[in-house]
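What's counted below: heavy atoms across the whole structure, side chains too, no hydrogens, waters or symmetry copies. Below, chains carry the letters A, B, ... as their sequence lines are ordered, and counting in each starts from 1.
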Amino acid sequence: MKTVADSPRANRETSEGSAEEGNLSRKLSILIAVCGGIAGGGITMLIRLGLGLHFWGTGPVLVVAVLTGFFAYLSASLGLRVLLSLDSVRGMLTGLGGAAAGMCATSLLRRASGLPAWDADPVLTIGMLTGVACYLVSLGVLNDWWRWATGAPAREERRRPIRGWRRYFNVDTSHKVIGIQYFVTGLCFLPFGVLLQLIGRTHMIDPHLGILPSAAYESIISDHGILMMFVVVLPVFSGLMNYFVPLLIGARDVAFPRLNAFSFWLTPPAGLLVVLSLMAGGFDTGWTAYPPLSASFENPGMDFILVGVYLAGGSSILTAINILTTVFKMRAPGMSFFRMPVFIWSSIATVGLSLVFTPFIAMAFLMVLSERLLGMGFFNPSMGGQVLLYQFLFWFYSHPAVYIFVLIGLGLISDILPVFSRKPLFGYKGVAIANPAIAIGGTVVFAHHMFAAGMPAWLRVPFMVTTLLVAVPTGVKVFAWTATTWMAKMRLQTPLLFVFSAVILFLVGGLTGVPLGIVPIDLYLHDTYWVVGHFHAMFFGGFLMTVIAAIYYWFPKVSGRMLSERIGKWQWLLMTVGMFLLVVPMLGLGLEGMRRRINDYEFAMHFQALHAATAVGGLMVFAGLVLLGRNIVMSLKRGPVAGDNPWGARTLEWMVSSPPPEHNFDEIPEVLDRPHMHGVAGSVHARVGSKQASQGEQE
Amino acid sequence: MCLTLAVVSGGLAYLFLTVDLIPNPGSAERILIDDFMRILLAIAGVVFGIVVTILSYSLLFFRRRPGDESDARPTSGNSFLELTWTIIPLVVVVILSFQGDEILDQMMAKRPGRGMTSTVYSLGVFVPGMLSPADTSARELPIDVTASRFIWRFAYPEQGIDSAYTLVVPVDHRVVFRIQSQDVIHSFWVQQWGPKQDAVPGLSPVLRITPTKTGQYAVECSQLCGFGHTNMTAPVRVVSNEEFEEWVEEQRSAAGTPSPPAGSHVMIDLAASNMAFDTRVITVPAGVMVMISFDNRDKGVPHNFAVYESPAAQKQIFVGRIITGPQRISYSFMAPTRPGTYFFRCDVHPTTMTGTFVVK
C-alpha cells in the first residue's frame with residue numbers, strides 16, 4: 001500500500017544525485033552559505049548604521065547572518081527553483097517583503113501627516129500585520145476560500161500531488177501531514193526556549209560575573225515563558241490531536257481540512273514574532289505583561305509578543321472548532337462517549353477551553369496594544385480606566401490555559417499506562433468524567449493568581465474554595481493511575497518509564513499548588529520561586545514527560561520504525577533527575593523568600609547552591625532533549641521496522657499499517673467495547689467487517 | 001505493604017510538621033502562615049508518600065516475567081475505592097478552605113479584639129520552635145506607603161511625618177499600611193513579616209502587620225516593575241517603643257517642611273541634546289538619594305541615564321528607563337556609600353555619551 005505520509009527524509013537522497021556529485025555540491029553549498037551569511041550580516045550592520053544604532057549588535061547581526069547563510073545553503077543544495085516552489089518559502093519571503101512594505105508605507109503616511117517618520121511601535125506593528133497578511137495570501141492557504149467567495153469551483157486535490165518531504169513545507173490538508181507540521185514546529189522552538197532559560201540559570205549562579213547584562217535577564221525569562229507556552233506546548237499538543245484524534249475515533253480526516261491547514265500556518269509567524277521580540281529590545285514585564293508597565297514599556301519588543309500570541313491564539317481557536325466537530329460528528333459506529341479513549345476526552349475538554357477562553361487574552365492584549373499605539377486608557381486610572389481589569393481578563397483565559405497545557409498530557413498517561421500494564425485503566429469512567437470536570441471547574445478559579453493584587457478582599461475567598469475543589473478530579477486521576485499499576489504485568493519500556501516520571505512530577509506540582517490556593521499562604525508565596533517550581537513541575541509532568549512518552553509510543557506508528565530503547569532509557573534517567581534537580585531547589589528558594597523575576601540576590605551561600613542545582617538540572621534536561629533528537633534522526637533511517645502493532649495495544653490506530661495509509665482506514669471499523677480491555681475474556685475493542693481486530697500480539 | 005505506607009507517609013508528615021521550612025518568622029501573621037503551611041505540607045507528604053510507595057512497589061514487584069505475554073488480571077474498577085478517593089479529598093479540601101478563610105479573617109483583623117490563635121497551637125499539638133502568638137494591640141499605627149520606580153516612600157500621618165525612606169516601626173504593635181503606587185504595579189513585601197500586597201495605581205489596598213521581633217529587615221518589591229525591580233528595596237527597622245518615639249521626634253524636628261530631611265537627597269537636572277549630555281561630571285554625596293530630572297531633547301532618539309562602577313559597564317549601579325525624545329522623566333536611586341569615581345553613560349549610545357559620576 002503506497003503510503004504518502006512517510007518519513008520527511010525518505011526522498012531526499014534521490015533529488016541530490018549520486019554520492020560523488022553530492023559531495024561536491026555540498027562543499028559548494030557550504031561555501032555559498034558562508035558567503036550568504038557574511039552578506040546578510042553585512043547588510044544588517046549597514047541597516048543598523050543607517051538607523052543610528054551601533055553597527056555591531058551580537059544578537060541581530062548573528063541571527064540574520066545565520067538565517068541568510070542557511071537560506072543560501074538551501075538554495076545551493078536544493079536549487080533555487082525547488083526552494084521557491086515550496087509554499088512555506090514563498091510565503092516567508094513574501095511575508096518579509098510585505099512587512100518591509102508595510103513599514104515603509106506607515107513611515108510615509110506618518111511623514112505626510114506631519115508626525116516623525118519613525119516611531120518603533122506603530123511602524124513595526126503595522127509591518128507585522130502586513131507581513132503576516134502577505135504571508136498568508138502568498139502561501140496559498142486562502143486560495144480555496146477565495147475561489148468560493150468569487151464563485152469559482154474549488155479544487156479538491158492539488159493539480160500535481162506532492163510526495164515525500166516537500167509535503168511538509170507546503171500547504172497540505174491531510175491531518176497527518178498537518179499533525180507532523182505542528183509537532184515538528186513546536187519541537188523546533190523547544191531547544192531555543194530551553195537555551196534561553198539555560199542562559200538565565202547560568203547568570204543566576206553568579207549574577208555579578210556579568211554573563212548577562214542585568215537588564216536582559218527579565219526579557220530572557222519573559223520570552224522563555226511566552227515561547228514555551230504558546231509556541232511549543234500549543235503546537236505540540238495541536239499536532240498530537242490533529243494526527244491521532246481521527247485515527248483514534250475511526251475517522252478518515254478532521255471535519256474541516258482546509259481550516260486545519262490555515263490554522264497550522266498561523267503558527268510559524270507566531271513563533272518568529274516571539275523570537276524576534278528579543279531582538280527588538282525584549283519585554284521586561286514577565287510573560288503576564290501587566291499594564292501599566294506593558295502599556296508604557298518603551299521597547300517595541302512588547303508589540304511583537306502581543307501580535308505573536310494573537311496569532312497563536314487564533315490558531316488554537318480554529319483547531320478547537322475542528323476537533324470538536326470531528327469528535328462529535330465523525331466517530332466510528334459503536335463508539336459511544338464511554339468507549340472513547342481518554343485521550344479523546346482530554347482533547348475535547350482542552351479544545352472546549354481553547355474555544356471559549358482564548359478570545360479573552362486576545363481582548364486583553366488588544367487593549368494593551370491600543371494603549372500603546374492609540375493612547376487609549378483602558379488601564380489608566382487618570383483616564384478613567386482600571387488597572388485590575390487587565391488581570392481579570394488575562395487570567396480568565398490564562399488559568400484555563402494551564403489546563404489546556406496539561407489535560408492532553410494527562411490523557412496520554414491514561415492511554416499509555418494500560419498498554420504497558422496489560423490491564424484496563426482503573427476507574428475509566430471516573431477518569432473520563434474528570435476531564436470535563438476539571439475543565440469546567442477550572443473556569444471559576446482564575447482569580448487565585450490575583451490574591452495579592454488588590455481586588456476586593458472578600459472576593460478572594462470563593463476563589464480559594466473553587467481552587468481547592470478542582471484538585472479533587474485531578475486527584476481522582478492520579479489515584480486511578482496508581483490503582484492501574486497494582487497487580488499489573490508492567491513492561492518497563494521507555495514510554496512507561498516516562499509516564500511514571502510524569503505522574504510523580506505532576507503529583508509534586510499538584511501538591512505544591514494547594515498552598516498557593518490558600519489565600520493567606522499565597523500572600524507569602526506569591527511571586528516567589530515556589531510558584532516557579534510549582535508550575536515547572538506541572539509543565540514537566542503534564543507536558544514534557546508525557547509528550548516524550550507519546551513520542552516513544554507513537555513514533556513506530558507515524559514512521560514505521562522503532563526508537564532505540566537503550567538511548568531512551570538513558571534519556572529518561574537524565575531527564576528525570578534533571579527535572580527534579582530543577583524543581584525541588586526552586587521550591588526551596590521560594591520558601592526561603594527569594595522573589596521571582598529578579599536578576600540578582602544577596603550572596604547567601606545556600607541561595608547560590610540552589611541556583612547552581614537548578615542550572616545543572618536544566619542542563620541535564622537539555623542534554624536529554626539532544627539525545628531524543630539523536631534517537632529520532634537515527635531511527636528514522638536505521639531503526640528496526642515496527643509492525644502494525646508493536647506494543648500490542650488496543651486502540652483503533654494500531655489496526656492500520658505503520659505509517660497509516662493516506663485515508664487511514666480501508667473500511668471504518670465498528671467499535672464494540674472500551675479500549676485497553678486487556679485480560680477481559682472475549683473483549684474486542686473494534687472489528688472490521690467480519691474480521692476480528694488483532695488481540696495484541698507483540699511482534 | 002501497609003507498614004511501608006505508614007512509615008513513609010508518617011515520616012514525611014512528621015518531617016514537614018517539625019522542620020522550620022520558612023525561615024525567620026518576624027510577625028504574628030507569620031505564625032499563622034507557618035503553622036498552616038506545616039499542616040498543608042504534612043498532608044501533601046502523606047499523599048505523596050502513599051502514591052509514590054504504591055507506584056514504586058508496582059514498578060518493582062508487578063513486572064511481567066520474561067517471556068510472559070499474557071494480560072494481567074483485569075481489575076478495572078471498584079466503586080467503593082473510587083468513591084473513597086473522591087469523597088475523602090473533597091472533605092479534606094473543604095475543611096482546608098474553611099480553615100484558610102478563618103486564618104485570613106484573623107490576619108485581616110476582621111474580628112477586632114480577638115487574639116490571633118494559630119491552627120496547630122490551638123489543636124494542642126506541641127511543635128518545637130514555635131513562637132507564642134501576640135495579642136492584638138489596642139490601637140493600630142497607620143503608615144502610608146508610596147511606591148514609584150524604583151523607590152519606596154513612607155509617611156506617618158498620625159506622627160506628622162510626610163516622607164521617610166526608611167521604614168521604622170515599633171515592635172508588638174499592629175501597623176496598618178495603606179499602599180499606593182505612582183506609576184506601575186509594585187508589591188510591598190517584607191519576607192519576615194509574611195503577606196505581601198500589590199501597589200496598584202488608582203487603588204489603595206491595605207495590609208496589616210504585627211511585627212514581633214526587633215531587627216533589620218528590608219521591603220522588597222514583589223511585582224516586576226521594570227529594569228530596576230531587582231534592587232527596589234527599602235530598609236526596615238523594628239525597634240522598641242521608646243526608640244520609635246525618639247525616631248519620630250528626630251524626623252519631625254529635622255523636617256519642618258513637608259519635604260524629605262535635608263541632606264538625604266540631592267536633585268540634579270540633566271539634559272540630552274544633539275546626541276550628547278549637557279554635563280560631563282556629576283558629583284553627589286555618598287549614600288544619598290539621587291533624583292535626576294532627565295530631559296531628552298532629541299526628537300525621535302532614544303536615550304537613558306545609567307551609572308556603572310567603571311567604563312567597562314559590567315557592574316551596574318543604576319539603569320534608567322530609556323525614553324524617546326522629546327520627553328522628560330525622573331530617575332531616583334541611592335548613590336553608592338563608598339566614595340570614588342564612577343561612570344555614567346547613555347546605554348543606547350554607550351561610546352559617544354559618557355561622563356564621570358563622582359561620589360564624595
Side-chain angles (χ1 to χ4, degrees), chain A residues 116 118 210 214-215 218 284-286 290 292-293 298 381 387 421-424 426-427 430 452-454 457 461 464-465 468-469 471-472 475-476 478-479 482 485-492 504 507 511 514-515 518-521 523-524 527 591-593 595 597-600 678-680 698, chain B residues 21-23 32-33 36-37 40 44 47-48 51-52 54-55 58-59 62-64 69 71-74 76-77 82 85-86 89-90 93 96-97 100-101 103-104 107-108 184-185 187 191 194-198 200-203 205 220 222-227 230 299-300 314 316 319 322-323:
Chain A
W118 173 261
S214 359
E218 276 87 14
D284 195 18
T285 59
Y290 284 178
L293 184 59
E298 197 53 37
V387 171
S421 309
R422 280 291 184 264
K423 265 185 76 185
F426 195 94
V461 179
M464 168 168 64
V465 178
L468 290 181
L469 281 176
V472 175
V476 164
V478 174
F479 298 138
T482 312
T485 64
W486 189 254
M487 305 266 275
K489 293 200 179 173
M490 314 233 60
R491 292 140 182 261
L492 261 55
I504 302 198
L507 184 63
L511 292 172
V514 173
I518 308 268
V519 178
I521 311 271
L523 291 179
Y524 177 84
D527 242 69
L591 285 174
E592 299 270 338
R595 298 171 284 156
R597 296 172 174 165
I598 59 175
N599 55 59
D600 199 351
H678 299 270
V680 176
Q698 183 125 30
Chain B
L21 283 171
I22 310 182
L32 298 173
I33 291 177
F36 201 48
M37 189 64 169
L40 289 174
V47 175
F48 188 78
V51 172
V52 172
I54 298 182
L55 279 177
S58 301
L59 222 65
F62 291 132
R63 277 194 268 195
R64 71 162 181 146
E69 295 294 331
D71 294 331
R73 224 179 51 155
S76 61
E82 294 176 55
W85 71 44
T86 311
L90 190 67
V93 300
L96 287 179
S97 41
D101 181 37
I103 293 177
L104 184 63
M107 271 172 56
M108 302 289 127
V184 298
I185 304 180
S187 192
Q191 186 262 333
K196 58 174 65 74
Q197 175 58 54
D198 282 5
V200 181
L203 297 177
E220 298 176 286
S222 289
Q223 179 61 45
L224 186 49
C225 51
F227 290 127
T230 305
K299 207 165 166 203
Q314 285 289 48
Q316 75 176 39
V319 174
I322 300 175
I323 53 167

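Every residue meeting the side chain to side chain donor-acceptor pair (under 3.5 Å) condition with Ser58(B), not counting sequence neighbours, appears here in chain and number order: Thr485(A). Evaluation of the salt bridge (charged side-chain N to carboxylate O under 4.0 Å, His left out) rule for Arg595(A) yields Glu220(B) as partners, not counting sequence neighbours.
Taking CD of Glu69(B) as the start and NZ of Lys489(A) as the end, the distance is 10.0 Å to the nearest 0.5 Å. One distance of note links CZ of Phe36(B) with CD1 of Ile518(A); it measures 4.0 Å at 0.5 Å rounding.
Chain A forms more heavy-atom pairs under 4.5 Å with one residue of Pro205(B), Pro89(B), Pro201(B) than with any other, namely Pro201(B). Note on Val52(B), Val319(B), Ile185(B): by heavy-atom pairs under 4.5 Å with chain A, the leading option is Ile185(B). Highest contact tally toward chain A, considering only Gly202(B), Gly300(B), Gly100(B), Ser187(B), is held by Gly100(B) [criterion: heavy-atom pairs under 4.5 Å]. Highest contact tally toward chain A, considering only Val184(B), Ile323(B), Val47(B), Ile322(B), is held by Val184(B) [criterion: heavy-atom pairs under 4.5 Å]. In terms of heavy-atom pairs under 4.5 Å with chain A, the best-connected choice from Ile22(B), Ile54(B), Leu55(B), Ile33(B) is Leu55(B).
Considering only heavy atoms from C-beta on, Leu293(A) stays 4.5 Å or farther from Gln223(B) through its side chain. With a 4.5 Å cut-off on side-chain heavy atoms, Met490(A) and Leu59(B) count as touching.
Below 30°, between 30° and 60°, or above 60°: for Phe479(A) and Trp85(B) the angle between ring planes is between 30° and 60°, a tilted geometry.
Of the two parts of Leu96(B), the backbone and the side chain both hold a non-hydrogen atom closer than 4.5 Å to a non-hydrogen atom of chain A.
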TODO: Begin with the C-alpha distance, continue with both residues' side-chain angles, and end with the deciding distance and a verdict on side chain to side chain contact (heavy atoms under 4.5 Å, CB included) for Val387(A) and Leu203(B).
DONE: CA-CA 9 Å; Val387(A) 171; Leu203(B) 297 177; over 6 Å; no

Open item on the list: Could you walk me through whether Thr230(B) and Asn599(A) satisfy the side-chain hydrogen bond (donor to acceptor under 3.5 Å, both in side chains) test, starting with their C-alpha distance in whole Å, then the side-chain angles of each, then the deciding distance to 0.1 Å, before giving a yes or no?
Closed with: CA-CA 6 Å; Thr230(B) 305; Asn599(A) 55 59; 3.1 Å; yes

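Gln197(B) and Ala452(A) get closest at one heavy-atom pair: NE2-O, 3.0 Å. A pairwise comparison of heavy atoms in Val200(B) and Ala453(A) identifies CG2-O, 3.2 Å as the closest pair. Closest heavy-atom contact between Pro23(B) and Leu591(A): CD-O, 3.4 Å.
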